[in-house]
Amino acid sequence: MRLPIETLDFDLVDDICLAVSTGEVSPADLPSTRTQSLGAFLELSHVLPIESSSQDWLKDNRFQPILDAKKNGKRCYQSGALHLGFTRIEEFINDETSETDFYIKARRAVALAGFRKAEAGQFVAAIVELYSNVIEHSGSAAGAYVAFAAYENCFEFVVADHGIGLLESLKSNSKYESIKDSGNALELALTEGVSRHDGNSGRGRGFRPIFVGLANVSESLRFRSGDHGRELKRLDDGRIPAVTRQKSELPGFFCSVRCISSRSANMGSTQA
């Protein structure tokens with residue numbers, strides 16, 4: 001009898017995705033899996049076609065409404081001890097009211113989770129900047145989405161798409177056309193002023209401003225595209241070193257951010 005995985009984290013996501021991608025394991029062989037992390041939950045469903053699979057191995061009473069919303073393509077909001085939100089980015093493009101609705105619910109969820117008003121505005125602004133990059137750089141907003149989860153002293157959000165990925169996006173700029181590695185593309189995208197747009201266009205500042213804005217209120221940030229990931233996780237001394245590693249293939253782009261209220265955590269310096 002296979003023992004269930006009670007706490008799915010990003011390390012296990014990496015192991016599961018690698019094992020499935022190499023054919024060592026099939027989803028049918030995976031044990032019942034639960035998670036406390038919205039980012040890990042959604043990254044696994046992004047890499048593996050869980051929502052289209054008949055296998056019922058990934059279970060989570062906390063985040064299941066979001067997975068259900070991914071399946072049916074509808075927006076989802078839930079309030080209570082756990083606040084959840086999910087909207088496809090295409091809705092923002094086609095229906096201005098859905099964007100406003102998202103802003104209101106996300107800000108309210110952040111406040112109810114114990115964050116300051118200024119932090120709520122900062123988180124929502126970061127989400128807006130990220131999904132604006134999806135619209136502008138992914139090549140396709142089809143299937144792209146934003147999601148959040150807020151609970152006591154914690155706010156998590158995810159912005160993801162199934163577009164061309166950071167490597168192909170940057171290579172469309174002749175300055176970066178020689179890049180051959182998704183890891184290099186991720187590192188460049190987190191560098192000031194790097195974008196697929198020409199520097200004189202006045203457009204596209206890359207992800208660096210978003211990272212800087214979130215660094216002092218984030219426990220962890222994880223950026224995935226292609227066969228690499230760049231992770232930033234706060235250490236006990238407050239530093240957040242950045243590490244780039246090769247991983248199983250992830251289509252498009254995936255960003256996961258977990259923030260802890262400054263009222264309950266001591267924030268330190270950042271090394272990017």
Side-chain angles (χ1 to χ4, degrees), residues 1-64 66-68 70-71 86 143 145 147-149 151 154 156-163 165-167 180-187 189-190 218-236 239-260 272:
M1 180 178 178
R2 293 169 298 175
L3 295 175
I5 298 173
E6 292 295 344
T7 305
L8 179 75
D9 58 16
F10 284 119
D11 288 338
L12 276 173
V13 168
D14 290 339
D15 291 343
I16 290 171
C17 292
L18 180 62
V20 172
S21 68
T22 58
E24 295 179 20
V25 175
S26 78
D29 296 326
L30 293 168
S32 175
T33 304
R34 303 176 191 276
T35 176
Q36 298 296 308
S37 165
L38 176 69
F41 181 77
L42 289 178
E43 185 175 321
L44 187 58
S45 73
H46 190 104
V47 177
L48 302 179
I50 296 169
E51 56 262 38
S52 61
S53 171
S54 61
Q55 301 299 327
D56 191 28
W57 57 271
L58 183 62
K59 298 178 180 293
D60 192 289
N61 292 333
R62 291 159 59 86
F63 305 131
Q64 192 62 40
I66 289 182
L67 191 59
D68 293 340
K70 281 190 68 182
K71 291 179 182 179
F86 173 92
Y145 65 87
F148 68 79
Y151 39 99
C154 182
E156 297 182 76
F157 68 84
V158 168
V159 180
D161 68 67
H162 286 80
L166 285 179
L167 178 59
K180 297 181 174 61
D181 186 282
S182 292
N184 290 338
L186 278 165
E187 291 173 351
L190 290 170
S218 299
E219 180 188 66
S220 63
L221 300 95
R222 180 170 165 111
F223 298 87
R224 289 287 321 275
S225 187
D227 62 353
H228 277 78
R230 187 156 177 81
E231 300 169 79
L232 305 97
K233 189 172 183 179
R234 187 177 299 280
L235 303 178
D236 290 341
R239 293 179 300 114
I240 309 181
V243 179
T244 303
R245 292 190 176 95
Q246 188 167 12
K247 301 180 183 295
S248 62
E249 187 75 21
L250 179 143
F253 171 76
F254 185 95
C255 173
S256 171
V257 178
R258 177 183 171 90
C259 301
I260 301 297

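- From Phe63, atom CZ reaches atom CG of Asp68 across 13.5 Å, with rounding to the nearest 0.5 Å.
- Scanning both residues, Ser256 and Gly39, for their nearest heavy atoms gives OG-CA, 3.3 Å.
- Interatomic distance, Arg234 CZ to Cys259 SG, rounded to the nearest 0.5 Å: 9.5 Å.
- Arg222 contributes atom CZ, which lies 4.0 Å from atom CD of Glu231 (distance to the nearest 0.5 angstrom).
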| field | Test side-chain contact (heavy atoms from CB on, under 4.5 Å) applied to Lys70 and Leu42, step by step | value | CA-CA 10 Å; Lys70 281 190 68 182; Leu42 289 178; 3.9 Å; yes
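- Using a 4.5 Å cut-off on side-chain heavy atoms (C-beta onward), His46 and Pro251 make contact.
- Phe253 contributes atom CZ, which lies 13.5 Å from atom CG of Leu167 (distance to the nearest 0.5 angstrom).
- Counting only heavy atoms from C-beta outward, the side chains of Cys17 and Leu44 approach each other to under 4.5 Å.
- Between Asp14 and Arg224, the shortest heavy-atom contact is OD1-NH1, 4.4 Å.
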| field | Test log, rule side-chain contact (heavy atoms from CB on, under 4.5 Å), inputs Leu8 and Ile16 | value | CA-CA 10 Å; Leu8 179 75; Ile16 290 171; 3.9 Å; yes
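- For the pair Arg62 and Phe41, the cation-pi criterion (under 6.0 Å, within 45° of the ring axis) is not fulfilled.
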| Going through the distances and angles, do Phe86 and Leu67 end up as a side-chain contact (heavy atoms from CB on, under 4.5 Å)? | CA-CA 9 Å; Phe86 173 92; Leu67 191 59; over 6 Å; no
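- Summarising the geometry of Glu156 relative to Ser37, their closest heavy-atom pair is OE1-OG, 3.7 Å, with the distance given to 0.1 Å.
- How far OG of Ser225 is from CZ of Arg230: 14.0 Å, rounded to the nearest 0.5 Å.
- We find the SG-CD distance between Cys255 and Glu43 to be 10.5 Å, quoted to the nearest 0.5 Å.
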